[in-house]
Each structure stands twice: as C-alpha cells, then as structure tokens.
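Working notes, structure below.
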Protein chains: 2
Amino acid sequence: MPTSTFFNLPQEKRNKLLSAIKDEFSRVPFDEVSINKIVHAAGIPRGSFYQYFTDKNDVLCYLLSDFRQEILGMARESMKKSGGDLFQLFSELLDFTLAFASQEQVNGFCRNLFADIRVNSSLYPKQPGKTAQEAAFRELSPLIDRGAYALQGEDECFLLVKILLLIYLDTVTNIFLNPQNASVIRTQYDQTLALLKRFMTKEKE
Amino acid sequence: MPTSTFFNLPQEKRNKLLSAIKDEFSRVPFDEVSINKIVHAAGIPRGSFYQYFTDKNDVLCYLLSDFRQEILGMARESMKKSGGDLFQLFSELLDFTLAFASQEQVNGFCRNLFADIRVNSSLYPKQPGKTAQEAAFRELSPLIDRGAYALQGEDECFLLVKILLLIYLDTVTNIFLNPQNASVIRTQYDQTLALLKRFMTKEKE
DNA sequence: ATTGACGTATGACAACCTGTCATATATAAT
DNA sequence: ATTATATATGACAGGTTGTCATACGTCAAT
C-alpha cells in the first residue's frame, strides 16, 4: 500500500500521478510497466515515486484494492435484492465486471492484467478453442466412465472437468504459497472433491 | 518454443544450458529471471541465447510443456486403473503434483512460478487465513440464503463460494484474452452456473 | 581446390531500466 | 529563531535487454 505521504499529496498532484499510472498500466502488461515513464508523464522526479510507493507491485495492489471495493459493494446490493441467491449473484457479477471493465481507461488495464496472469503461467496457450483445458479434456474424455455421473451430455462433462481443473490449480498454487498450511489446504481440497462427488455421482440403481 | 538450432545443439552444451536455465528459474520468480545470469552460468555468449529462444517467455513455455506431458501421462494411468473415475483422478493428481514438485530443483521453480501468478494478480494477499476468498466470504456469508442449498454446514457453503469464485475469475480472464469469443465464453459460464445450481439447490418441499 | 551458400556463433553496442542516497528544502512546533 | 520532522530531488551505480555486423565452419557443386 502507498505511504501516508502519498495520501497527503495535494489533490492535483496526486491525480496527475494516478492518471499517469493508469495510463502506463493500460499501455503494457505489468512486467513491462516502466516507473520511468510514469514519473516522466506525471512530471515528478524519480525519487518522489519511491517516497509514495515501494515498488511496482505496491502500485498494482493499490489499483486492485479499489476494484475489489467496487465488486464487494455490488455483491452486497445483489444479495439484498435477490434474498441471498448465490447463483444470481455470480451471474450478475460477470455482467458488472464486464461493464466496469469496458470503461475506456480500465479496459486496457484489465486486458494487460489478465494477459499477464495467463502468459506468465503459460498454461493457457492463446489459440482460441485450443486452450490447455480443452486439450486436456480431449485427451481424457474417452477414458471417463460416462455412466457414473449425473451429467447431461458431453458438454456438461467438459464443464465438470473444467471445474475440477480450476480447483486443482488453485490448490496447488495455494500450497506452494503457504507450504506451512499444506495439510489444511489439502483437507479442503479433499472436501471439495467429496462435495462435488456427492452431488454429481449418479445413484446406483 | 525453442528453435531447431537449440535441438541440434550437442547434448553436453544443451544440458549445460538447460541446467543453467532451471537454476535461474528456481532462484527467482519469473519476472526477475535474468538471461544474463543464465548465459553466464552456461558459459555461452549472449547472442547464442537469442539463437535458441526468442525470449524469457519462450523458455518458460518449453519448461512447462515438459511438465504438462508428465501430468497427462499420469492422468491416463490413473484413469485406466480406476475405470474412469474423475474424482479419483483429481485426488491422485494433487499427490502426484506435490511429489513431482518436491524434487530438489523443481521445487524452487514451482514455488517461483506460482508465487508469480499470485503476486502479479495481487488478488491474493499473502497472509494465511486471510485470503481474498476468505475475506469475500466473510462479507457475503451473512447474506446468503442458507435454506436454499443442499449443503451441510458453514464449511460446505464456503467451499461452494470458493468454487464459484474460481469459475468467475477464470471466465473473466478468458474473456479479456479472447474478446472475440466473449459470447461463447459467457454462455459456458451461464451453463456452468446452471449445472451447479441444478445439483446444489434444495428441492422445494 | 575454390567458390559460394547456409546455418551458426559471437560480443560490443545503444537504449533502457531500477532502487538508493546524500543533499536540499519546506513545514510545524517549541 | 531554532530545532525537528516530513518531503523533495536528481545524479549515480549497477543492472537489464535485444540487435546486428561480423566471423566462423561445414558441406556441395563446380
């Protein structure tokens, strides 16, 4: 998070800096963001930047914290309206996000942010229709015991595999980041699988 | 992917380079990886590196393609043994991944890789027990209509929200990367929500 | 054996980047 | 008026990257 010095800045100066930051984050993906370019555009000396932020990451955190606030606010609204319908919430959440992101300046930022996640992980090659998920599914598909699950058609089977992949990836990531919590996270993983299994497995006749 | 020149390299030289690459990718997260350090450690001139790889990303792709192969191989095995049990597969998958990653050199690499994804996204602050997921859940939890879902206890409710969040995030990412496919991806999202809803919603009495 | 063609190797170069630090300046407090 | 504290500044050291003109080695055909 930015230092207090940053928040004490005269409005005008802070806005100019913020605008420069957003422009730069919209221009290129995160790892190509240049602090040099930011300070130049904002017309502040290089040293000042480091008075406000410790580093590029710090800036990103700040930008995202705003975004998170917006999302949460919207979520509360939706839940109130629907009387607590989770699925309704997540349906609206996507609309909201896309609407939010389609603002001129925000759009480039989002694109670069997400491009970054994906490219860095490189688990998701870019060719549409040829994602790693789809490739993996095509490999596994013929091996799946089709009779076992209460799924309607090939499509739903794909969706289930996709869900499982997401959970798997998230778990692995979590464990690497918090090795000390590995066993808790592992347990949660097993529980999640069990939960899905309970609902998706066809009753034996 | 590396150029053919790279694969034509004499074994010894290629191995030395590969080893240097793995060391460097184990040392620091992706965006701090230094091609300079790699070529120095491998004892090859700087220009040569660019003869083989176009760039850092290229190297990562190559490293990950190996990894993906291993995973896929294991998956086929598991499916054969279990007769196509998806949940069994994903349970074993995590074990396999963690075992694979606990090899000395691989471990650092994995840690850095995943750290990168997370830190860059910054949606996942580091404090254990205080992930964005958990924070979001605590916010939403009281608003959820507890009677609506066939879930057992608070824990399962949390797991469901977590799953929904993963799917949401994945969808948003996908749309930003393939805006031209937005509507297809959107449809898939809706289908996934519907699928989960069908199973998780309690029958009305 | 000479010539050319091709793939490969090389390292100097220009252009950029970052984080720090000693110094200067402003602002407030005694 | 003096001291303390907060902020501003920009030069600097040490790094990075990708390119390119040049040099090398090998193989084939004249």
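These numbers come from a predicted model, not from an experiment. Letters A, B, ... mirror the listed sequences (proteins, then strands); counts begin at 1.
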query: What is the distance from NE2 of B:His40 to P of D:dT16, rounded to the nearest Å?
result: 11 Å
message: What is the separation between atom CG on A:Asn8 and atom P on C:dA26, rounded to the nearest whole Å?
response: 18 Å
message: Please report the distance, rounded to the nearest Å, between NZ in B:Lys16 and C1' in C:dA9.
response: 16 Å
message: Please tell me if B:Ser34 has a side-chain N or O lying less than 4.0 Å from either OP1 or OP2 of D:dT16.
response: yes
Considering only nitrogen or oxygen atoms on both sides, find all protein atoms under 3.5 Å from nucleotides 18-21 of chain D and state each distance.
{"unit_1": "D:dG18", "atom_1": "OP2", "unit_2": "B:Tyr50", "atom_2": "OH", "d": "2.4"}
{"unit_1": "D:dG18", "atom_1": "N7", "unit_2": "B:Arg46", "atom_2": "NE", "d": "3.1"}
{"unit_1": "D:dG18", "atom_1": "N7", "unit_2": "B:Arg46", "atom_2": "NH2", "d": "3.1"}
{"unit_1": "D:dG18", "atom_1": "O6", "unit_2": "B:Arg46", "atom_2": "NE", "d": "3.3"}

message: As a test of reading the structure: which of C:dA9, D:dA8, C:dC17 is closest to the side chain of B:Ser48, going by heavy atoms?
response: C:dA9
- prompt: Across the strands shown, which category fits B:Val33 at heavy-atom distances under 4.0 angstrom: base, sugar-phosphate, nothing?
  reply: sugar-phosphate
- prompt: Looking at A:Lys37, does any N or O in its side chain come under 4.0 Å of the phosphate oxygens OP1/OP2 on C:dC16?
  reply: no
query: With no hydrogens and no angle check, is any side-chain donor or acceptor of B:Asp170 less than 3.5 Å from a backbone partner on B:Leu166?
result: no
- prompt: Does the side chain of B:Glu92 come under 3.5 Å of the side chain of B:Ser78 through a donor N or O and an acceptor N or O?
  reply: yes
Nucleotide of D:dT17, C:dT10, D:dA8 approaching B:Pro45 most closely (side-chain heavy atoms): C:dT10
statement: Separation of D:dC12 atom P from A:Asn36 atom CG, nearest Å, is 16 Å
- prompt: If we fit an axis to the first five pairs and another to the last five of the helix from C:dA1-D:dT30 to C:dA29-D:dT2, what angle do they make, to the nearest 10°?
  reply: 10°
message: Expressed as a whole number of angstroms, how long is the span from B:Phe53:CZ to C:dT8:P?
response: 14 Å
- request: Find out whether B:Leu60 and B:Leu113 are in side-chain contact, i.e. whether some heavy atom of one side chain is under 4.5 Å from a heavy atom of the other.
  value: yes
statement: note: A:Ile44, atom CD1; C:dT25, atom C1'; distance rounded to Å ~ 17 Å
task: Check whether any side-chain heavy atom of B:Val39 sits under 4.5 Å from a side-chain heavy atom of B:Ser48, and report yes or no.
output: no
message: Test your reading of the model: is there a side-chain donor-acceptor pair from B:Arg14 to the backbone of B:Phe7, 3.5 Å cut-off?
response: yes
query: So which of B:Tyr168, B:Tyr189, B:Tyr149 actually passes ring pair (Phe, Tyr, Trp, His ring centres under 6.0 Å) with A:Phe87?
result: B:Tyr149
- prompt: Is there a side-chain contact between A:Arg76 and A:Lys81, using heavy atoms and a 4.5 Å cut-off?
  reply: no
query: Rounded to whole angstroms, how far apart are CZ on A:Arg14 and P on D:dA8?
result: 13 Å
- prompt: At under 4.0 Å between heavy atoms, what does B:Phe6 touch on the DNA or RNA strands: base, sugar-phosphate, or nothing?
  reply: nothing
message: Please report the distance, rounded to the nearest Å, between CD in A:Gln51 and P in C:dA24.
response: 17 Å
message: For A:Gln51 and A:Thr5, which I'm curious about, is there any donor-acceptor pair between the side chains at under 3.5 Å?
response: no
message: Using a 3.5 Å distance criterion without hydrogens, assess whether the side chain of A:Ser102 forms a donor-acceptor pair with backbone atoms of A:Ala99.
response: yes
